[in-house]
Colleague: 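Below is a structure I'd like to ask you about.
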Protein chains: 2
Amino acid sequence: MVKASVEMEQAAVILKLLGDRTRLTMLKLLDEHTCCVCEFVEIFQVSQPSISQHLRKLRDVGLVKEERKGQWIFYSLNKTNTYYTFLVPLLEQLPDQRYRLKELEENGTRINCC
Amino acid sequence: MVKASVEMEQAAVILKLLGDRTRLTMLKLLDEHTCCVCEFVEIFQVSQPSISQHLRKLRDVGLVKEERKGQWIFYSLNKTNTYYTFLVPLLEQLPDQRYRLKELEENGTRINCC
DNA sequence: TGCGTATATAATCATATAGTTATATACTTA
DNA sequence: TAAGTATATAACTATATGATTATATACGCA
């Protein structure tokens with residue numbers, strides 16, 4: 001029998017977090033790119049606290065990590081997290097979201113710090 | 001680029017449904033076995049309407065299908081559903097739940113109709 | 001036909017969730 | 001140090017969710 005990589009209860013917690021359009025899209029984006037809070041605010045057209053709260057939930061379970069660079073805080077996928085392998089096959093099946101970053105570049109709202 | 005197999009919005013809906021311990025365990029069980037409502041009631045120790053409502057949600061998105069056999073209604077995974085391929089790699093990573101059916105057999109509450 | 005069992009649905013309720021506004025904190029730069 | 005920008009947190013609110021109880025429906029069998 002194949003060894004299960006995650007426990008049932010934990011899996012449900014992770015999946016509940018993924019079961020939100022905003023967070024799911026964030027994770028798909030972060031799988032390839034690093035993004036800061038203000039970029040997400042621009043992309044999703046919701047308030048900055050709303051974005052911060054989504055990111056906090058993802059951070060609390062260890063799915064994403066943050067790194068401050070000057071005035072911005074950049075978020076990225078935490079690929080060393082236990083659940084990353086659980087996440088990968090899932091994210092692979094989602095449609096590419098890079099067009100959203102392209103839109104930011106066209107608007108001049110993409111942050112390319114450092 | 002790999003073709004995405006599901007749309008973002010739909011994926012979030014499915015994942016939200018999976019983000020519940022009861023439903024996730026149900027799906028893991030149904031991936032290998034057919035179960036009826038009263039078995040789930042016994043397994044999860046919640047009310048029968050609660051189980052019916054979980055199954056309804058899974059049925060509404062087409063993840064499971066039902067088949068009446070006499071007085072029982074047996075549920076199984078709908079492997080022809082669009083989202084089944086989305087589900088598979090996920091379920092594979094979950095711990096085997098067959099012990100729950102073994103417990104039913106020991107209790108004499110397992111239904112093996114026909 | 002009437003009773004028992006299995007399941008579904010309706011109504012209700014407590015709690016969780018995702019958003020908002022207001023405010024605090026942290027960094028940059030003049 | 002003061003002003004401006006970026007982010008986090010607190011408080012609040014409307015809605016969604018998962019459970020319960022009560023009731024309806026469907027089937028099997030005496």
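Within every chain, numbering begins at 1; the chains are lettered A, B, ... in the order of the sequence lines, protein sequences first and strands thereafter.
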Colleague: Can you tell me the distance, in whole Å, between the CG atom of B:Leu55 and the P atom of C:dT9?
Modeller: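 After rounding, the gap between these two atoms is 11 Å.
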Colleague: In this structure, how many angstroms lie between the C1' atom of D:dG18 and the CG atom of B:Asp60, rounded?
Modeller: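 Distance, rounded to whole Å: 16 Å.
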Colleague: For A:Arg56 and A:Lys16, find the nucleotide of DNA chain D closest to each by heavy atoms; which residue's nucleotide sits nearer the 5' end?
Modeller: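 The residue whose closest nucleotide sits nearer the 5' end is A:Arg56.
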Colleague: Between B:Met26 (CE) and D:dG18 (P), how many Å, whole number?
Modeller: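 Going from B:Met26 (CE) to D:dG18 (P), I get 11 Å.
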Colleague: For a quick test of reading the model: is some side-chain N or O of B:Tyr75 closer than 4.0 Å to OP1 or OP2 of C:dA6?
Modeller: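 So the side chain of B:Tyr75 is outside the cut-off, no N or O lying under 4.0 Å from OP1 or OP2 of C:dA6.
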Colleague: Compare every heavy atom of B:Thr34 with every heavy atom of B:Arg110, then report the nearest pair and how far apart it is.
Modeller: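 Of all heavy-atom pairs spanning B:Arg110 and B:Thr34, the closest is NH1-O, 3.6 Å.
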Colleague: Find the distance B:Ile111:CD1 to D:dG28:P and express it as a whole number of Å.
Modeller: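 In whole Å, D:dG28 P lies 14 Å from B:Ile111 CD1.
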Colleague: Which part of the nucleic acid, if any, lies within reach of B:Glu66 when heavy atoms closer than 4.0 Å are counted: base, sugar-phosphate only, or nothing?
Modeller: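 Sugar-phosphate contact only - B:Glu66 comes under 4.0 Å of backbone atoms but never of a base.
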Colleague: Is a donor on one side and an acceptor on the other found under 3.5 Å between the side chain of B:Glu39 and the backbone of B:Cys36?
Modeller: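 Confirmed, B:Glu39 side chain pairs with B:Cys36 backbone.
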Colleague: Determine the contact category for A:Phe40: base if any of its heavy atoms lies under 4.0 Å from a base atom, sugar-phosphate if only primed atoms, P, OP1 or OP2 are that close, otherwise nothing.
Modeller: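 It contacts nothing in the nucleic acid.
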Colleague: Identify, between B:Ile73 and A:Ser47, the residue whose nearest nucleotide on DNA chain C lies closer to the 5' end.
Modeller: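 The 5'-side residue here is B:Ile73.
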Colleague: Determine, step by step, whether B:Leu30 and B:Cys35 satisfy the side chain to side chain contact (heavy atoms under 4.5 Å, CB included) criterion, reporting the C-alpha distance in whole Å, the side-chain angles of both residues, the deciding distance to 0.1 Å, and the verdict.
Modeller: CA-CA 7 Å; B:Leu30 292 176; B:Cys35 295; 4.0 Å; yes
Colleague: If I take atom CZ in residue A:Phe74 and atom P in nucleotide D:dA6, what distance separates them, rounded to the nearest angstrom?
Modeller: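 Spelled out: CZ on A:Phe74 to P on D:dA6 is 11 Å.
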Colleague: Applying side-chain hydrogen bond (donor to acceptor under 3.5 Å, both in side chains) to A:Gln53 and A:Arg56, what does each step give before you reach the verdict?
Modeller: CA-CA 5 Å; A:Gln53 284 155 20; A:Arg56 190 186 211 293; over 6 Å; no
Colleague: Pick base, sugar-phosphate or nothing for B:Arg23, based on heavy-atom distances below 4.0 Å to the nucleic acid.
Modeller: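 If one applies the 4.0 Å heavy-atom cut-off, B:Arg23 turns out to touch the sugar-phosphate alone, with no base involved.
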Colleague: Nearest whole angstrom, please: distance from the P of C:dA30 to the CD of A:Gln71.
Modeller: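 The distance from CD of A:Gln71 to P of C:dA30 comes to 12 Å, rounded to the nearest Å.
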Colleague: Measure the distance from CZ on B:Arg59 to P on C:dA8 and round it to the nearest whole Å.
Modeller: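 Rounded to the whole Å, the gap is 6 Å.
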Colleague: Counting side-chain heavy atoms from CB outward, which of C:dT7, C:dA26, C:dT9 is closest to A:Arg68?
Modeller: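 So the side chain of A:Arg68 is nearest to C:dA26.
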Colleague: From the set D:dA19, D:dT7, C:dT5, return the single nucleotide nearest to any side-chain atom of B:His54.
Modeller: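 Closest nucleotide among those given: D:dA19.
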Colleague: Just the rounded figure in Å: distance from C1' of C:dT7 to CD of B:Glu67.
Modeller: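 After rounding, the gap between these two atoms is 16 Å.
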Colleague: Which is true for B:Phe44 with a 4.0 Å heavy-atom rule: it touches a base, it touches only sugar-phosphate, or it touches nothing?
Modeller: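 The answer is nothing, as B:Phe44 stays clear of every strand by at least 4.0 Å.
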Colleague: Ignoring hydrogens and angles, answer whether the base of C:dA8 and the side-chain atoms of B:Gln48 contain a donor-acceptor pair closer than 3.5 Å.
Modeller: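 Present.
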Colleague: Just compare C:dA18, C:dA10, D:dG18 and give me whichever is closest to any side-chain atom of B:Pro49.
Modeller: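 Among the listed nucleotides, the one closest to the side chain of B:Pro49 is C:dA10.
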Colleague: Which of the following nucleotides, D:dA8, C:dA18, C:dT20, is nearest to the side chain of A:Lys57?
Modeller: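 Among the listed nucleotides, the one closest to the side chain of A:Lys57 is C:dA18.
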Colleague: Looking at the side chain of A:Cys36, which of C:dA8, C:dG19, D:dT7 is the nearest nucleotide?
Modeller: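 It is D:dT7.
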Colleague: Taking the side chain of A:Gln53 as its heavy atoms from C-beta onward, which of D:dA11, C:dA10, C:dT7 lies nearest to it?
Modeller: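 Closest nucleotide to the A:Gln53 side chain: D:dA11.
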